[in-house]
Amino acid sequence: MTIGVPKEIKVQEGRVAMTPAGVYEMTRRGHTVYVQKNAGLESNLPDERYIDAGAEIVETLEEVYAAADMIVKVKEPQEREYKLIRENQIVFTYFHLASNEKLTKAMMQTGAVCIAYETVIDHNGALPLLATMSEVAGRLSVQEGAKYLEKPQGGKGVLLGGVPGVKSASVIIIGAGVVGSNAALMAAGLGANVKILDISLNRLRYLSKVMPANVETVYSTRYAISDLVKTADLVIGATLQVGMKAPHLVTRKMLKEMTPGTVIIDVSVDQGGCFETTHPTTHADPVYVVDGIIHYCVANIPGAVPVTSTRALTNATLPYVMTLAENGWKKACMSHSDLKQGLNVVHGDIVFKGVGDSLNLPYKEWKN
């Protein structure tokens, strides 16, 4: 199979979908890999390393799409890429279609096979291709929160960990999955007082055993969220409904009861955001203020640390890329239920129910 690895064109996205190590594993199995010139540069992966691994370097985005049977990306196709995707081509990337009707309809019109990293679900119910970037996003959310709490950034002027004789900051984390638990560990490590909320008692029981003493678990209700955010210094939204739009758990009304200079970070922004006042931002212009509350809603948080993120992502995606290349998408999805659940749009049809339900568009079950 021919595999295309384009240079990401989303604003300030430094990740690349495959490392030279990944390319080597594909080429030694007889597959051809086309990598766009300088695709890995911001991840400290120059073209020479890809060439040594057996890749063919091509100049333009158009050449990559024209040559490849399967496109392997990091972020969802941007508008410039829509017209380059062709019928029957496999596109394997983070799509987050449930919050983007325009992208969904564009992918339906291409006739391509769209397989979303974020809905690949393994036999344990885990999300192996989302988890790795969720780890990065959860940890980085705390770093960004600490920065924007500084007075020169418009924040309250609060140090997360405090100092002896001065209380630590209050950090509220809504959602105790991979993002939330990693954020809690980072915030606790910096000395903050952390409360992490979730609707799963089993998850809360587990976290209460393994988290540091300065992390408190709280059962998540609208009342609990409304009460806790009033005195919070940093609020991190980390909710997830697989393949579906995120629910709004922090409302505009709640913002008015929070202290000006409080920072809220919506890691769920890719799925529409769990704050009512969320809209996507970029690393170039990451924050905005509503009712005195600083919003950080960057839609590709791990892209800020591409050297780490690219390697972590390839570690997770490479086995799936191999399976698709060796077997073709139909056989791979028939024999691997995790990949089958990654199917979102196939030949013009939405085949993942959560996407159809979120966008109020027709859903059609994909049959082998």
Side-chain ([X]) to main-chain ([Y]) donor-acceptor, under 3.5 angstrom:
X      : Y      : value
Glu8   : Arg15  : no
Thr310 : Val16  : yes
Gln109 : Tyr82  : no
Gln12  : Ala284 : yes
Thr281 : Val287 : no
Thr27  : Ala53  : yes

Hey, is [X] close enough to [Y] for a salt bridge, meaning N to O under 4.0 Å?
X      : Y      : value
Arg139 : Glu135 : no
Glu79  : Lys102 : yes
Lys75  : Asp270 : yes

Write down the atom of [X], the atom of [Y], and the distance for their closest heavy-atom approach.
X      : Y      : result
Ala188 : Pro212 : CB-CG, 3.9 Å
Leu103 : Pro77  : CD1-O, 3.7 Å
Phe275 : Asp266 : N-OD2, 3.2 Å
Leu204 : Val218 : CD1-O, 3.7 Å
Val136 : Ser309 : CG1-OG, 3.6 Å
Val229 : Met254 : CG2-CB, 4.4 Å

With clusters defined by side-chain heavy atoms of hydrophobic residues (ILVMFWY) lying less than 4.5 Å apart, directly or transitively, does Leu159 cluster with Ile265?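 No, no single cluster joins them.
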Report whether Val289 and Val298 are members of the same hydrophobic cluster (ILVMFWY, side-chain heavy atoms less than 4.5 Å apart, transitive linking).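 The answer is yes; both residues are in one hydrophobic cluster.
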Classify the side-chain pair [X]/[Y] by whether it contains a donor and acceptor separated by less than 3.5 Å.
X      : Y      : answer
Thr323 : His336 : no
His31  : Glu326 : yes
Asn344 : Thr119 : yes

For a quick test of your reading: what N or O donor-acceptor pairs under 3.5 Å do the side chains of residues 54-62 make, sequence neighbours left out?
| from | atom 1 | to | atom 2 | distance (Å) |
| --- | --- | --- | --- | --- |
| Thr60 | OG1 | Glu63 | N | 3.1 |
| Thr60 | OG1 | Glu63 | OE1 | 3.1 |

What I'd like to find out is whether the side chain of [X] reaches to under 4.5 Å of the side chain of [Y], using heavy atoms alone.
X      : Y      : value
Met334 : Lys340 : no
Ile225 : Leu197 : yes
Leu45  : Arg311 : yes
Leu313 : Val74  : yes
Leu255 : Glu276 : no
Ile71  : Val64  : yes
Met211 : Val194 : no
Val142 : Leu190 : yes

Please report the interatomic distance CG(Asn360) to CD(Glu101), rounded to the nearest 0.5 Å.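 Answer for the CG-CD pair, Asn360 versus Glu101, is 8.5 Å.
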Enter the distance from Thr217:OG1 to Arg205:CZ here, rounded to the nearest 0.5 Å.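 Reported to 0.5 Å precision, the distance equals 10.0 Å.
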So, using salt bridge (Lys or Arg N to Asp or Glu O under 4.0 Å) as the criterion, who are the partners of Glu365 when residues are at least two apart?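 Scan of Glu365 (salt bridge (Lys or Arg N to Asp or Glu O under 4.0 Å), adjacent residues dropped) gives none.
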Candidate list Phe95, Tyr320, Tyr94, test ring pair (Phe, Tyr, Trp, His ring centres under 6.0 Å), partner Tyr117, passing option: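 It is Tyr94; the other options fail the test.
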Partner residues of Tyr206 under the ring-ring contact (aromatic ring centres under 6.0 Å, His included) criterion, sequence neighbours left out: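 For Tyr206 there are no ring-ring contact (aromatic ring centres under 6.0 Å, His included) partners, ignoring immediate neighbours.
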Please list, one pair per line, the donor and acceptor atoms closer than 3.5 Å that link side chains of residues 170-180 to other protein atoms, with sequence neighbours excluded.
none

In terms of ring plane angle, is the pair Trp329 and His347 parallel, tilted or perpendicular, where the classes change at 30° and 60°?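 Aromatic pair Trp329/His347 classed perpendicular.
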List, one per line, each side-chain donor-acceptor pair under 3.5 Å for residues 143-150, sequence neighbours excluded.
| from | atom 1 | to | atom 2 | distance (Å) |
| --- | --- | --- | --- | --- |
| Glu144 | OE1 | Lys147 | NZ | 3.3 |

Enumerate the residue pairs fulfilling side chain to side chain donor-acceptor pair (under 3.5 Å) with a member in residues 221-235, sequence neighbours excluded, ordered by first and then second residue.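 Matches after skipping sequence neighbours: Lys156-Asp233.
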